[in-house]
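All values reported here derive from a predicted model rather than from experimental measurement.
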Amino acid sequence: MSVDVEPDQLAIDGAHPVRTEPWPTYDKGDVFIDDEDLDLVLETIRARLYFRYDHRPHELTQTGGLERDLAAFFGVRHALACASGTTAIALGLLALDLPPGSAVACPAFTFAATPSAIRLAGHRPVLVECDDDLHLDVADLRRRMTPEIRAIVVVHMRGFASDMDAVLEVAREFGVPVVEDAVPALGARLRGRQLGTFGDVGAFSTQSDKSLNTGEGGFLLTHDPALHARAIVYAGAYEGRMARHFDGDPPPVDDLAMPIFGLRMDEIRAALARGLLRRLPERLEAHHRNYDHVAAGLAENPDVALRRPVADHAYLGEALVFRVPGASSAQSAWIAAALRAEGIAARALGDPGDTNVRAFWNWRFLFPEAAKARAEFPVTAARLDEAIDVPLSANLGEKDCDQLVRAVHKVLSARDGRRV
């Protein structure tokens, strides 16, 4: 699709926008939930048993049932429901029993929760550049690996799979474990295999904009029973409660030797997650359908650089992130503002007037000076300056997707005549 427009026809200049309906986003109440999904929640509320450890056998609690359901869905031995995706990452790192204060590698393009989780686990984030498609740059990862780096946290950012074969090859070469931050990619697959099942630990979120939406919450996956047992204790299992998670004898983990951090999931959120898990395939299909429709509509636009997946369909599709090659951060900010005026909830990742916490130079808990941070990771900074981010709700229809495509063509065709 191509659109020839004059600059004064843009909504940012007062013209009629491409769409007038609000773009559906989680913070405006967009949810993929039906009444049937709430049945277990209402039953749980009426039962008045909201704590995951009570008189019932583990398998009869909602959290125990959710963990069993998640293990089956993802094809892993163990799942642990917890308070958030951030705590799932931190619990995974804690359960790895790394030396305190270890250096842990992670990509420079990620949500601030990733380095925050590394800090929460008592370790030190070491950032790695990203490539033109905003995946972790495996060559830069190898260059930055030192004996101090004791683990790798790889992120499937904005739903796009990282190159797990290459990351795992580096991890084996240096003898370090891998934690998959699959928080932004719940349900996405790489060559038919679920993301979050490649590494030693997979961490997920059930926060409001995720594929399973319980408002807050998360879970981790692992095949390692001892790692699972340690994560359970750190999450807040005490006085032998860790043993409830195992059908037979639990691993020989001393639950009194570890602190307990109160990072459990409650029964109400677990009940909601179980209901939503039933319809997760339907939601994933909608995300792929919408993303593929939009990507096809933008594929021929020379001003749009769509992210290239590391393998066919190795993405969730819940967000459209594209670059405008050569655009400055100010130009990208104008493009995003023009798209918002057209009725599309767009955001420029590198907008200098936006404290977007997906831009690493805004993490003042790591980088007191943004300019120095950008200079340290210039490739990622340059790519983020060019990047536009648009959320893609599973509730979008073909008309919505066509309006998004039209708005992008309209704005980009007009930008060349602008001084921004």
Side-chain angles (χ1 to χ4, degrees), residues 86 88-157 160-183 195-196 198-203 220 222 224 226-227 230-231 234 310 357-384:
T86 305
I89 300 166
L91 286 168
L93 289 167
L94 286 164
L96 288 171
D97 262 355
L98 307 176
S102 292
V104 175
C106 72
F109 177 45
T110 184
F111 192 67
T114 307
S116 298
I118 295 170
R119 279 281 190 88
L120 184 61
H123 302 308
R124 176 169 57 88
V126 174
L127 302 194
V128 177
E129 290 271 30
C130 293
D131 61 20
D132 288 349
D133 295 302
L134 295 173
H135 309 313
L136 181 147
D137 186 331
V138 179
D140 191 57
L141 172 65
R142 180 175 274 106
R143 282 192 293 270
R144 293 177 188 270
M145 291 297 292
T146 68
E148 289 186 337
I149 293 179
R150 305 300 291 268
I152 299 168
V153 176
V154 60
V155 185
H156 306 302
M157 187 56 178
F160 268 64
S162 291
D163 188 344
M164 289 307 302
D165 289 343
V167 171
L168 291 172
E169 181 180 339
V170 173
R172 286 191 294 267
E173 180 181 338
F174 289 89
V176 300
V178 172
V179 173
E180 283 183 79
D181 178 349
V183 164
L195 295 180
F198 288 82
D200 297 84
V201 181
L220 65 83
T222 186
D224 185 331
L227 190 156
R230 290 191 292 271
Y234 279 119
V310 298
V357 293
R358 294 163 190 83
F360 64 88
W361 55 86
N362 287 326
W363 303 339
R364 285 200 287 271
F365 63 93
L366 289 185
F367 303 111
E369 297 182 44
K372 288 185 177 179
R374 288 175 57 89
E376 190 173 346
F377 303 96
V379 177
T380 304
R383 297 294 82 81
L384 292 180

>> Rounded to the nearest 0.5 Å, what separates atom OG1 in Thr380 from atom CG in Leu134?
In response: 8.0 Å
> Which residue pairs satisfy the side-chain hydrogen bond (donor to acceptor under 3.5 Å, both in side chains) criterion with at least one member in residues 117-127, sequence neighbours excluded?
Replying inline: Arg124-Glu148
> If you round to the nearest 0.5 Å, how far is CG of Asp181 from CG of Leu195?
Replying inline: 11.0 Å
>> So which atom in Cys130 and which in Pro107 form the shortest heavy-atom distance, rounded to 0.1 Å?
In response: SG-CB, 4.1 Å
>> Looking at every non-hydrogen atom in both residues, tell me the closest pair between Pro378 and Ala375 and how far apart they are.
In response: CD-O, 3.4 Å
>> My understanding is that only residues two or more places apart in sequence, or in another chain, count here; which of them pass side chain to side chain contact (heavy atoms under 4.5 Å, CB included) with Pro100?
In response: none
> Which heavy atom of Phe365 sits nearest a heavy atom of Pro115, and at what distance?
Replying inline: CZ-CG, 4.0 Å
> Can you check side chain to side chain contact (heavy atoms under 4.5 Å, CB included) on Leu96 and Val179, steps first, answer last?
Replying inline: CA-CA 9 Å; Leu96 288 171; Val179 173; 3.8 Å; yes
>> Measuring from atom CG of Leu94 to atom CD1 of Ile89, what distance do you get when rounded to the nearest 0.5 angstrom?
In response: 12.0 Å
> Given side chains that start at C-beta, do those of Leu127 and Glu376 come closer than 4.5 Å, heavy atoms only?
Replying inline: no
>> Give me the atom names and distance for the closest heavy-atom approach of Ala161 to His156.
In response: CA-ND1, 3.6 Å
> So, for Leu220 and Gly92, which heavy atoms are closest and what is the spacing to 0.1 Å?
Replying inline: CD2-N, 4.1 Å
> With sequence neighbours excluded, what pairs up with Asp140 under the side chain to side chain donor-acceptor pair (under 3.5 Å) test?
Replying inline: Arg143, Arg144
>> Determine whether a donor-acceptor pair (N or O, by modelled atom type, separation under 3.5 Å) exists between the side chain of Trp363 and the backbone of Val357.
In response: yes
>> Does any part of the side chain of Leu93, heavy atoms only, come nearer than 4.5 Å to the side chain of Val153, both counted from C-beta?
In response: yes
>> Once salt bridge (Lys or Arg N to Asp or Glu O under 4.0 Å) is applied, what residue pairs with a partner in residues 126-139 remain, sequence neighbours excluded?
In response: Asp132-Arg383, Asp133-Arg308
>> The criterion is side chain to side chain donor-acceptor pair (under 3.5 Å); which residues satisfy it with Asp97, sequence neighbours excluded?
In response: none
> Counting only heavy atoms not in Arg150, do more than 12 fall under 6.0 Å of its CZ?
Replying inline: no
> Can you name the side chain to side chain contact (heavy atoms under 4.5 Å, CB included) partners of Thr222, sequence neighbours left out?
Replying inline: His78, Asp224, Leu227, His228
> Which atoms form the tightest heavy-atom contact between Ala90 and Ala117, and what is the distance?
Replying inline: CB-O, 3.6 Å
>> What's the separation between atom CG in Asn362 and atom CZ in Phe367, rounded to the nearest 0.5 Å?
In response: 11.0 Å
> Who are the side chain to side chain contact (heavy atoms under 4.5 Å, CB included) partners of Glu169, not counting sequence neighbours?
Replying inline: Arg142, Arg172
> By side chain to side chain donor-acceptor pair (under 3.5 Å), which residues pair with Arg374, not counting sequence neighbours?
Replying inline: Asp385
> What distance separates Phe174 CZ from Leu141 CG, expressed to the nearest 0.5 Å?
Replying inline: 8.0 Å
>> List the residues meeting side chain to side chain donor-acceptor pair (under 3.5 Å) with Thr110, not counting sequence neighbours, and say none if there are none.
In response: Thr114
> Among all residues two or more places apart in sequence or in another chain, which pass the ring-ring contact (aromatic ring centres under 6.0 Å, His included) test with Phe360?
Replying inline: Phe377
>> Using 0.5 Å steps for rounding, measure from the SG atom of Cys106 to the CD1 atom of Ile149.
In response: 10.0 Å
>> The criterion is side chain to side chain contact (heavy atoms under 4.5 Å, CB included); which residues satisfy it with Val154, sequence neighbours excluded?
In response: Ser162, Met164, Val167, Val178, Glu180
